[in-house]
Colleague: 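This structure is in structure tokens; I'll ask about it shortly.
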Number of protein chains: 2
Amino acid sequence: MTLKTNLRKYRFLKDEMTQKQLADLVKVSRQTIHAIERGKFNPSVRLALLIAQVFQSPVEDIFYLE
Amino acid sequence: MTLKTNLRKYRFLKDEMTQKQLADLVKVSRQTIHAIERGKFNPSVRLALLIAQVFQSPVEDIFYLE
DNA sequence: ACATAAAGTAAATAATAAATGACATAATGT
DNA sequence: ACATTATGTCATTTATTATTTACTTTATGT
């Protein structure tokens with residue numbers, strides 16, 4: 001059961017938001033957003049909730065298990 | 001924006017499941033479940049998704065920001 | 001009253017998320 | 001061609017999650 005994400009897709013859907021813009025909104029570094037997009041790690045549920053809020057979508061739509 | 005949870009409520013709703021049973025289902029230690037219930041920490045979104053699956057509920061119903 | 005299971009808690013350690021700084025490459029605009 | 005912005009990537013450090021062991025306290029049952 002490994003974590004997958006389509007954060008990248010969501011980021012482009014939402015006004016072509018940049019990694020930096022998203023990072024600023026949820027108050028993490030740009031590298032953190034990058035690492036999450038690349039599946040390098042498994043963010044906290046708090047961060048996932050913040051990201052989901054930005055995209056006004058359920059956490060499950062952005063992060064899922066496979 | 002701090003993380004809150006009602007994992008405990010969900011655990012009791014679901015067949016009075018014990019911390020240990022839940023821990024075994026999602027493959028973490030009992031102390032990890034305990035710490036999450038007590039708001040001691042902010043689990044990974046992977047773990048949150050596994051827990052949400054157990055309760056067949058959206059992550060947002062079990063974990064939320066306040 | 002006693003035994004047992006469940007839950008609370010705490011300290012030490014391991015594993016991993018996240019920050020920071022630095023530099024390279026790709027893309028976009030003028 | 002040049003400047004600028006966005007993204008990729010790496011190495012180091014710091015913060016936090018999660019494990020493990022161990023012991024205490026609180027139910028629950030007989």
Side-chain angles (χ1 to χ4, degrees):
Chain A
M1 283 298 224
T2 127
L3 185 75
K4 301 281 177 178
T5 185
N6 32 46
L7 177 53
R8 202 180 190 77
K9 289 178 202 156
Y10 273 81
R11 190 163 56 79
F12 285 116
L13 284 176
K14 188 76 171 184
D15 305 324
E16 300 261 317
M17 181 182 285
T18 67
Q19 291 178 345
K20 178 77 166 61
Q21 288 172 330
L22 177 56
D24 290 346
L25 278 175
V26 299
K27 301 202 173 64
V28 294
S29 67
R30 177 181 66 81
Q31 285 83 346
T32 293
I33 298 299
H34 178 255
I36 293 169
E37 284 189 0
R38 303 287 297 197
K40 290 273 181 177
F41 60 66
N42 179 12
S44 68
V45 68
R46 179 172 177 280
L47 180 50
L49 285 166
L50 286 170
I51 291 172
Q53 262 182 15
V54 168
F55 299 113
Q56 296 166 66
S57 302
V59 169
E60 283 86 350
D61 285 5
I62 303 174
F63 298 100
Y64 56 96
L65 299 172
E66 226 172 47
Chain B
M1 283 298 221
T2 128
L3 184 76
K4 300 282 177 178
T5 185
N6 32 48
L7 177 53
R8 202 180 190 75
K9 289 179 203 159
Y10 274 81
R11 190 163 57 80
F12 285 115
L13 284 176
K14 187 78 171 184
D15 304 324
E16 300 261 316
M17 182 182 284
T18 68
Q19 292 178 344
K20 178 75 166 61
Q21 289 172 328
L22 177 56
D24 289 346
L25 278 175
V26 300
K27 301 203 173 63
V28 295
S29 67
R30 178 180 66 81
Q31 285 81 348
T32 293
I33 298 299
H34 179 255
I36 294 169
E37 284 190 0
R38 303 286 297 198
K40 291 272 181 176
F41 58 65
N42 180 11
S44 67
V45 67
R46 179 171 177 281
L47 180 50
L49 285 166
L50 286 170
I51 291 172
Q53 263 183 12
V54 168
F55 299 112
Q56 297 166 64
S57 303
V59 169
E60 284 86 350
D61 285 6
I62 304 174
F63 299 100
Y64 55 96
L65 299 172
E66 226 172 47

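Each chain gets a letter, A, B and so on, in the order the sequences are listed, and its residues count up from 1. Below, all heavy atoms of this structure are taken into account, side chains as well, without hydrogens, waters or symmetry copies. Here the structure is a predicted model, which means the values were calculated and not measured.
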Colleague: Rounded to the Å, how far apart are B:I51 CD1 and D:dA18 C1'?
Modeller: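 It works out to 12 Å between those atoms.
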
Colleague: Given D:dT17, C:dA19, D:dG8, identify the nucleotide with an atom nearest to the side chain of A:Q19.
Modeller: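 Nearest to the side chain of A:Q19 among the choices is D:dG8.
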
Colleague: In whole angstroms, how far is the P atom of C:dG8 from the CD1 atom of B:I33?
Modeller: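 My rounded result for the distance is 12 Å.
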
Colleague: Quick one, A:V26 and A:T32 - any side-chain contact, counting heavy atoms below 4.5 Å?
Modeller: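 Heavy-atom side-chain distance check fails, nothing below 4.5 Å.
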
Colleague: Calculate the interatomic distance between B:F41 atom CZ and C:dT9 atom P; express it in whole Å.
Modeller: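 After rounding, the gap between these two atoms is 14 Å.
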
Colleague: Between D:dG8, D:dA22, C:dT20, which nucleotide has the shortest distance from any of its atoms to the side chain of A:Q31?
Modeller: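 Shortest atom-to-atom distance from the side chain points to C:dT20.
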
Colleague: Could you tell me whether the phosphate oxygens of D:dG8, OP1 or OP2, come under 4.0 Å of any side-chain nitrogen or oxygen in A:H34?
Modeller: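 True: A:H34 side-chain N/O within range (under 4.0 Å) of D:dG8 OP1/OP2.
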
Colleague: Is A:R38 touching bases, backbone alone, or none of the nucleic acid, heavy atoms closer than 4.0 Å?
Modeller: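 Sugar-phosphate only.
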
Colleague: For the pair made of NZ in B:K40 and C1' in D:dT16, what is the distance, rounded to whole Å?
Modeller: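 Whole-Å distance recorded here is 14 Å.
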
Colleague: Taking only side-chain N and O atoms of B:S29, does any of them lie within less than 4.0 angstrom of OP1 or OP2 on D:dT19?
Modeller: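 So the side chain of B:S29 is within the cut-off, an N or O lying under 4.0 Å from OP1 or OP2 of D:dT19.
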
Colleague: Out of D:dG8, C:dA17, D:dA18, which nucleotide sits closest to the side chain of B:S44?
Modeller: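 Among the listed nucleotides, the one closest to the side chain of B:S44 is D:dA18.
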
Colleague: Any base atoms under 4.0 Å from A:R8, or only sugar-phosphate, or nothing? Heavy atoms, all strands.
Modeller: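 Sugar-phosphate, no base atom in range.
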
Colleague: Provide the closest heavy-atom pair for B:V59 versus B:A48 in the form atom of the first, atom of the second, distance.
Modeller: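 Residues B:V59 and B:A48, closest heavy atoms: CG2-O, 4.1 Å.
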
Colleague: Please tell me which of the listed nucleotides, C:dA18, D:dA6, D:dA18, lies nearest to the side chain of A:T18?
Modeller: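 From the listed options, D:dA6 comes nearest.
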
Colleague: With a 3.5 Å distance limit and no angle check, can you tell me whether A:E37 reaches the backbone of A:L7 through a side-chain donor-acceptor pair?
Modeller: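 The answer is no, because no donor-acceptor pair under 3.5 Å joins these two groups.
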
Colleague: Judged by each residue's nearest nucleotide on DNA chain C, which is more toward the 5′ side, B:K20 or A:T32?
Modeller: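 Result: B:K20.
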
Colleague: Check the distance between C:dA17's C1' and B:L47's CG and give it to me in whole angstrom.
Modeller: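 Roughly 14 Å, once rounded to whole Å.
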
Colleague: Could you tell me how far apart B:E37 (CD) and C:dA6 (P) are, to the nearest whole angstrom?
Modeller: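 Distance, rounded to whole Å: 14 Å.
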
Colleague: So, OP1 or OP2 of C:dA7: does either fall under 4.0 Å of a side-chain N or O from B:R11?
Modeller: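 Yes, because at least one side-chain N or O of B:R11 sits under 4.0 Å from OP1 or OP2 of C:dA7.
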
Colleague: Do A:K20 and A:D24 come within less than 4.5 Å of each other through their side chains, counting heavy atoms only?
Modeller: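 Yes, at least one pair of side-chain atoms sits under 4.5 Å.
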
Colleague: Looking only at N and O atoms, is any donor in the side chain of B:R30 or the base of C:dA7 less than 3.5 Å from an acceptor on the other one?
Modeller: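 Indeed, a donor on one side and an acceptor on the other fall under 3.5 Å apart.
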
Colleague: In whole Å, what is the span from the CG atom of B:D24 to the C1' atom of D:dT19?
Modeller: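 Rounded to the whole Å, the gap is 14 Å.
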
Colleague: Give the rounded distance in Å between these two atoms: CG of A:L22 and P of D:dT7.
Modeller: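 Those two atoms, CG and P, are 10 Å apart.
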
Colleague: Looking at every non-hydrogen atom in both residues, tell me the closest pair between B:R46 and A:M1 and how far apart they are.
Modeller: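 Smallest interatomic distance, heavy atoms only, reads NE-O, 2.7 Å.
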
